[in-house]
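Below: the structure, in C-alpha cells.
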Amino acid sequence: MAEEDNPKEVTVAAVAAETSDEFVEDAVPEKIDANDEEQTESNGQLEVASGDVDNGKSAAELLEEDIPWIERFKQVFWTYLPLGFVAFGGPQAHVAILRDHLVVQRNWLDEDQFTELFAIGQGLPGPTSTQLVVSTALARAGPIGGLTAFFLWNLPGLIVLTVCGVLIATFVDENNPPWYLIGLPPAAISLVFKAFYGFGKKLDKLGIILCLISSLVAIMINGSRPKIDPLWSQYIYPSMLACGGIVSYLDSIRGTDVKIFGKIRRVPGQPYGTYKSASKGWDAESDLTMRRIGIPIWVGALIWIVWAVVLAVTVSVVGRMRRNGEVPNQYLEIFEVMYRIGSLIFGGGQVVLPMLQTEVVPMWMKKDAFLQGLGLAQSMPGPLFNFSSYLGAVYKGVPGALVAYIGLFGPGVMLIFGMVPFWARLRHVKWFKSTLNGVNATAIGLVGAACVILWEGAVTTFADAMVFTLALCLAVVYGIGAPWVVLTGGVFGAILHKDALGLGQNEWCSLGQDL
C-alpha cells in the first residue's frame, strides 16, 4: 500500500504486473551499465566497447548520436501509428503497452528513464497515459515527434466518438433510446465502480479520509439544488484538491525538523499517511534523452505562462459575461469548460467524469445521452479524455467536437512540454511528492461521487440493474477488458429490452411502492 498511494502515483513495475501477459511479455529488462565491458544494441547489429568512448561520451550516446532526426521521427510515426488502434483497457494497460513497445522491444529508453517520464505525468493534471505517449516520443524525436505521437494515439477514438456524437444528436431520441443503446449506460457505470475500487484500495489512512470528504462534498453539491448551484463546483473542486495537498504536506512533516521563523523546530507527532522518498531524477546535463527533447528552461517557463494566461482569460471572460446576464459564445463556452477541467484534473480518466457531468448535464444534453457516450468511450481504444469529442459533437456538431477535444487535452499536453526541463530538479523536492499524495486522494473521492451521481441516471429499471451486475462481475471478478464488458452489457440490455424479451422493465425505484 505504501508504494501505490493514489491513481497516478504507481510504479511502472506495479502497472505491468497488474496487466495481462497480452501486453507485457517480459520482466523488467536488465539495466545497461555504461561501465560494462560491452554494450549491445537491441537489434544485435551494433556493439560498442566501453574502451571506445570518445571525449567522455558513454557507449549508449555513441550508439544513438549519429541517427538523423528524420529517421527517429519515422520510427516514432510507425511505432505509435498502430498503438492508437489497440490501446484498450485503460491507463494501466496503456502504460504496460508503452513499456513493452519502447523499453522491452525497441530499447528506446531504459527502465529508469521510462519511470521518470511516467512520474512526470503523475505530477501534472491531464491524462497520464497520453502524457507518457507525448513525453516518450518527445524524448525520441523532439517536440514534433511528441505532437505527432499525441495525434496518432488519439485519432481512432476521436473519429469514432465524434461521428457517434453527431449521429446520436441527429437521429436518436433522447427520451426513447433505441434497443441497441439501452445496455450501454449501466455497463459503463460498472467500470467507474471498478476504477473507484482499484484506486481506493491503494490509499493510506489519511488518503481514505481525504477521499471520503471530497466524495461527500461532491455528492452534496449535486444534490442540494437550488440551495447550492452545481456550477459552484468549478471553484469548490479545485479548492478541495488544493486543501488535500496542503493537508498531506502538513502531515508529511510531522515528526521532522523544519525551519520556522528562522529557527529549527521539531513538528510534534508522527505522519498519519505513508510517503515515499523523492527519486533521484535525471541528470539533465549529461543524459542524451534529455538533450534530445530540445526544450530549454526558458521555453518551458513560457509554456507554463501561456497555459496560465489562457486559463485566466477564458475563465474571467466567460464568468463576466454570465454575471452580466449575457450569453457567451457557445464555442468559447465549450473551450472554457473543457480547458478549465483539463487544468484541474490530476487523476485523469474516471476522475474527470463528475466535473464533466456537472458542467454538461442538462445544459448541453440529457443524462441518457451523456451515459450512452460514456459507454461508447469506455469501449474505444485510447484515453477516456476522447469522451470530450463526443460531448462537443452532441452539443455543436463536428466544430464543437474539435473545440472540446483541444480544450480538454490542451492543458495536459502543454504542461508536459513545459515541465520536462524542470523535472530533474523538481523530483528532488520532497514536499512536491507529499503534496501530490493529498491531491490525488482528494481526486479519488470525486470518482466515488461519480459512482453515486451517475448511478441514478444509468440504472432506472431492473433490467439496467441486471446489466450492471453482470458487467461489474465480468470486469472485477474475471478481469474482462472494457470493450468486451461494454459490448456484453449492450447485448444483454438489448435482449431484455421491452421490444425483445421485455423482462425487468419495472422501474427500479418503484420497488418500495410495489411492496
Residue pair Ile189, Leu472: steps toward the side-chain contact (heavy atoms from CB on, under 4.5 Å) verdict: CA-CA 9 Å; Ile189 291 302; Leu472 186 64; over 6 Å; no
List the steps and the verdict of side-chain contact (heavy atoms from CB on, under 4.5 Å) for Leu496 and Ile182. CA-CA 9 Å; Leu496 298 175; Ile182 202 71; over 6 Å; no
Rounded to the nearest 0.5 Å, what's the gap from CG on Leu446 to CE on Met240? Could you check? 5.0 Å
Quick one: does Leu152's side chain get under 4.5 Å of Val133's, heavy atoms only? no
Would you indicate whether the side-chain heavy atoms of Leu147 and Phe417 approach each other to under 4.5 Å? yes
Does some side-chain heavy atom of Val403 sit less than 4.5 Å from a side-chain heavy atom of Tyr395? no
Which pair of heavy atoms, one from Leu391 and one from Met365, lies closest together, and at what distance? O-CE, 3.6 Å
Heavy-atom neighbours of Phe335 CZ exceed 12 at 6.0 Å: yes
Compare all side-chain heavy atoms of Asp464 with those of Pro185 and state whether any distance is below 4.5 angstrom. no
Measure the spacing between CZ of Phe150 and CZ of Phe409 and express it to the nearest 0.5 Å. 5.5 Å
Mind checking the OG1-CD1 spacing from Thr358 to Ile453? Nearest 0.5 Å is all I need. 5.5 Å
Does a side-chain heavy-atom distance below 4.5 Å link Trp153 with Val134? no
Flag, side chain of Asn386 to backbone of Ala377, donor-acceptor distance under 3.5 Å: no
Check each of His101, Arg106, Arg140 against Thr79 using the side-chain hydrogen bond (donor to acceptor under 3.5 Å, both in side chains) test, and report the only one that passes. Arg106
Identify the two heavy atoms, one from Ala449 and one from Ser215, that lie closest to each other, and give their separation to 0.1 Å. N-OG, 3.4 Å
Evaluation steps, side chain to side chain donor-acceptor pair (under 3.5 Å), between Ser343 and Trp307: CA-CA 9 Å; Ser343 299; Trp307 162 76; 3.0 Å; yes
Inter-residue atom distance Cys211.SG - Ile444.CD1, 0.5 Å rounding: 6.0 Å
Glu359 side chain reached by Met338 side chain, heavy atoms, under 4.5 Å: no
Would you say OH of Tyr197 has more than 12 non-hydrogen atoms from neighbouring residues, nucleotides or ligands within 6.0 angstrom? no
Go through Met466 and Leu503 one step at a time and tell me if the side-chain contact (heavy atoms from CB on, under 4.5 Å) criterion holds. CA-CA 10 Å; Met466 293 166 66; Leu503 298 176; 5.9 Å; no
Thr136 vs Tyr80, test: side-chain contact (heavy atoms from CB on, under 4.5 Å). Steps then yes/no. CA-CA 11 Å; Thr136 51; Tyr80 289 93; 2.7 Å; yes
Could you tell me the separation between the CZ atom of Phe370 and the CG atom of Leu353, rounded to the nearest 0.5 Å? 5.5 Å
Main chain of Tyr272, side chain of Asp251: is a donor-acceptor contact present, judged purely on distance under 3.5 Å? yes
Give a yes or no on whether the backbone of Ala465 and the side-chain of Thr469 come within a donor-acceptor separation of less than 3.5 Å. yes
Is it true that Lys498 and Gln505 share a donor-acceptor pair across their side chains at a distance under 3.5 Å? no
For Glu333, which of Lys396, Arg322, Arg340 qualifies under salt bridge (Lys or Arg N to Asp or Glu O under 4.0 Å)? Arg322
Please find the pair of heavy atoms, one from Leu158 and one from Ser389, that lie closest to each other, and give the distance. CD1-CB, 3.5 Å
Is any side-chain heavy atom of Pro383 closer than 4.5 Å to one of Asn154? yes
Looking at every heavy atom in both Leu184 and Gln372, which two are closest together, and how far apart are they? CD1-O, 4.2 Å
Rounded to the nearest 0.5 angstrom, the CZ-CG distance for Phe387 and Leu161 is 8.5 Å
Distance-minimising heavy-atom pair for Val318 and Pro328: CG1-CG, 4.2 Å
Is it the case that more than 12 heavy atoms not belonging to Trp484 sit under 6.0 Å from its CH2 atom? no
Output yes when a side-chain donor or acceptor of Ser248 lies under 3.5 Å from a complementary backbone atom of Gly245, and no otherwise. no
Looking only at non-hydrogen atoms, find the nearest pair between Ser214 and Thr442 and report the distance. OG-O, 2.8 Å
With heavy-atom distances below 4.5 Å as the criterion, would you say the side chains of Pro381 and Phe85 are in contact? no
